[in-house]
Amino acid sequence: MTFGTGTVTRPADTIGGMHIRRSLAVLFAGLAAAATVGVIHGVGAVDAVYPAPRSVPLPPPAAAAADPRPTVAVLLGPAGANAADVLAPFETLAVSGRYRVVTVAESRAPVPLTGGLDLVPDHTFADVGDVAWIVVPEVQQAGSAQLQPAVDWLRQRHAAGTRILSVCAGTGLLARTGLLADRPATSSWLALYGLERQYPDVRWTRGVRYVDDGRIITTAAVLSGIDGALRIIERDHGADVARQAAAAVQWPHYHPGGPASIDAAHPAPADAVALLNAGFRTPVRAGVLLTPGVGEIELASVFRTYTQLSYVARLTSVTADGQPIRSRHGLTFVPRAAVTTGYDRLLVPGHDAARTHTVDATWQPVYVHRRAGFPFDGTLRDLAATTDTPTARWVTKTLEYRPGDLTGPGVPFSPVLLLALALAAGGIIYAVARAGLARAPRLRTWLRHLAEMLVAMFAGMLLLGPLSDPLTHHRPTVATLVMALDMAAGMAVWMAIRGHGPRMIGEMTAVMVAPFALLSPWLGGTALTATGHVLMLLAMVALMLVRWEHYAADPTWVFRKRRPALAEPTT
């Protein structure tokens with residue numbers, strides 16, 4: 001350091017270190033901005049997979065007819081169910097001709113299947129009659145109180161001798177009943193990560209299409225539900241009948257006599273395309289024309305492929321006249337609109353529709369099942385060609401299905417570009433804000449306090465959350481309140497480390513927990529979580545503004561020893 005010239009010379013290593021720190025700060029700011037944009041957009045993309053059905057007059061229930069065949073009931077959840085988990089086993093069992101296959105729910109209100117395909121249940125729990133088999137698909141909000149009637153119904157039916165097939169993540173709802181305790185079972189490879197922790201008393205198995213444990217059969221992901229349905233047919237009527245059913249639905253993977261082995265899939269770097277799509281891809285607006293007599297698996301192939309876990313499209317089910325249609329084996333689907341313009345694409349499922357050219361060419365329809373074969377082949381080929389092959393391969397992985405060659409763009413260009421823009425914008429905003437805050441040290445300190453508290457809050461949730469899981473099992477409202485306490489605990493510990501007094505810690509803890517406690521008598525589940533978080537953050541910021549003088553002061557550390565004041569010089 002040189003005096004007398006008005007300049008200060010810093011060592012080169014200090015300057016280099018400062019540049020590295022600033023570069024890292026800009027990078028992390030960009031990552032934070034990208035993550036924020038991705039999370040906000042991703043929440044909307046996930047919520048759009050199961051939009052609430054519109055209110056419509058329901059068609060009258062079909063007249064009960066004498067049918068000597070055993071009944072198979074496919075369970076539907078009020079908040080939605082996976083289209084492929086429901087429709088693939090349904091059509092496989094129905095096409096065999098050996099069963100009366102129906103859908104059942106707590107009420108006859110339309111249930112949204114994946115992507116917004118609204119299905120009217122055939123029966124309620126009260127009027128379905130005797131049931132030989134129950135199919136349990138993945139249902140939305142499987143741990144919520146609104147599924148308790150379904151849990152009770154499953155327990156009662158099983159006690160009465162009914163056999164059960166669970167498909168994919170539907171094993172989670174079945175495990176909630178307690179019927180899988182100390183029994184072998186399988187599920188979707190993605191779902192198993194949570195199920196293994198949530199239900200440690202189940203003997204979970206990976207790498208097989210299904211697990212047959214006598215009165216309960218559980219299957220792996222999504223399209224393995226077809227194998228589960230074929231196993232039912234095989235057990236009841238023999239391998240020849242099951243083979244005929246497999247041929248009728250054009251399923252190429254039937255394995256008579258027992259489950260086929262499959263790859264025990266695990267997360268891989270290429271799977272990040274799902275996060276890119278959810279966070280940064282602009283979804284295509286597509287209409288899906290429902291035509292009378294369309295195959296159930298043909299419908300599932302459209303509504304599952306383009307939406308859940310791919311997030312490339314927002315679908316609207318339409319019919320030519322806006323009226324409900326009945327599928328090939330008698331299911332009733334309610335459209336959300338009549339055919340109108342304004343869609344980026346008009347998808348028409350069904351090989352018969354493609355063969356007869358159901359829609360006038362002026363609509364520029366896309367017949368995704370123009371080629372004969374298993375219906376998911378057509379939609380996966382279209383997905384690869386119109387989006388990119390990484391997305392198509394990811395979807396096949398979630399389905400646990402291997403189609404033929406998929407050709408299309410190799411890089412998801414659109415979401416990658418938006419991610420890059422978000423990173424750049426975050427870095428620029430940070431650099432500008434830092435330059436401005438350099439002239440406002442008290443505001444800079446206040447913002448540093450806020451950032452530290454937010455990090456501490458989420459750290460408390462992540463560290464303490466696993467400890468409280470046994471207390472909140474299947475109790476969503478209690479889980480939300482405990483989560484708020486976990487966040488408040490993390491905040492309180494950090495504030496104590498930072499030297500804030502008991503009064504300040506108590507105030508901050510109170511404003512964090514109060515919104516959740518006050519709203520819990522009226523709200524529950526997702527609504528309580530979302531509303532509580534928003535009000536909590538607003539209350540925290542408001543308190544910090546009220547206590548501006550405190551939070552704008554330089555922070556301290558309770559474990560840092562304070563240096564004694566220097567004595568005044570004596571004369």
Within a 6.0 Å radius of atom [atom1] on [X], are there more than 12 heavy atoms belonging to other residues, nucleotides or ligands?
X    : atom1 : value
D201 : CG    : yes
R402 : CZ    : no
R155 : CZ    : yes

Close side-chain approach of [X] and [Y], heavy atoms under 4.5 Å:
X    : Y    : result
P110 : L119 : no
T114 : Y306 : no
R381 : R371 : yes
V120 : V334 : yes
E138 : Q308 : yes
V139 : L76  : no

Classify the side-chain pair [X]/[Y] by whether it contains a donor and acceptor separated by less than 3.5 Å.
X    : Y    : answer
S317 : D118 : no
W189 : D263 : no
T391 : D388 : yes
D377 : Y401 : yes
T316 : R336 : no
D152 : Q148 : yes
T398 : R304 : yes

Which residue in the set D213, I164, V202 passes side-chain contact (heavy atoms from CB on, under 4.5 Å) when paired with L180? V202
Option among T332, D122, L75 that satisfies the side-chain contact (heavy atoms from CB on, under 4.5 Å) test with T103: D122
Is it the case that the side chain of [X] and the backbone of [Y] share a donor-acceptor pair, with hydrogens and angles ignored and the cut-off at 3.5 Å?
X    : Y    : result
R176 : A142 : yes
D271 : A268 : yes
R108 : P121 : yes
T162 : H158 : no
E234 : A242 : no
T305 : V302 : no
S166 : G170 : no
T171 : T186 : yes
S188 : C168 : no
K397 : A392 : no

Point-to-point distance, once rounded to the nearest 0.5 Å, from [atom1] of [X] to [atom2] of [Y]:
X    : Y    : atom1 : atom2 : answer
L147 : T177 : CG    : OG1   : 12.0 Å
L399 : W394 : CG    : CH2   : 10.0 Å
S96  : H237 : OG    : NE2   : 6.5 Å
L347 : D382 : CG    : CG    : 6.5 Å
D240 : I233 : CG    : CD1   : 12.5 Å
R183 : T218 : CZ    : OG1   : 9.5 Å

Going by an N to O cut-off under 4.0 Å, is there a salt bridge joining D182 and R203? no
State which residues pass side-chain contact (heavy atoms from CB on, under 4.5 Å) with R328; sequence neighbours excluded, sorted by chain then number. E91, E296, E298, D352
Could you tell me which residues satisfy side-chain contact (heavy atoms from CB on, under 4.5 Å) with A126, sequence neighbours excluded, listed by chain and number? T124
Closest heavy-atom pair and its distance - [X], [Y]:
X    : Y    : value
L299 : L117 : CB-CD2, 4.1 Å
P184 : V211 : O-CG1, 3.8 Å
D130 : T71  : O-CB, 3.5 Å
A353 : T291 : CB-OG1, 4.3 Å
A220 : I262 : CB-CD1, 3.9 Å
W153 : A73  : CH2-CB, 4.3 Å

Are W204 and Y193 an aromatic pair by the rule of ring centers under 6.0 Å? no
Less than 6.0 angstrom separating the ring centers of H369 and F376, yes or no? no
Using the test side-chain hydrogen bond (donor to acceptor under 3.5 Å, both in side chains), find all partners of S224 that sit at least two apart in sequence or belong to another chain. R209
Stepwise salt bridge (Lys or Arg N to Asp or Glu O under 4.0 Å) check, R231 with D236: CA-CA 9 Å; R231 179 60 172 172; D236 291 351; over 6 Å; no
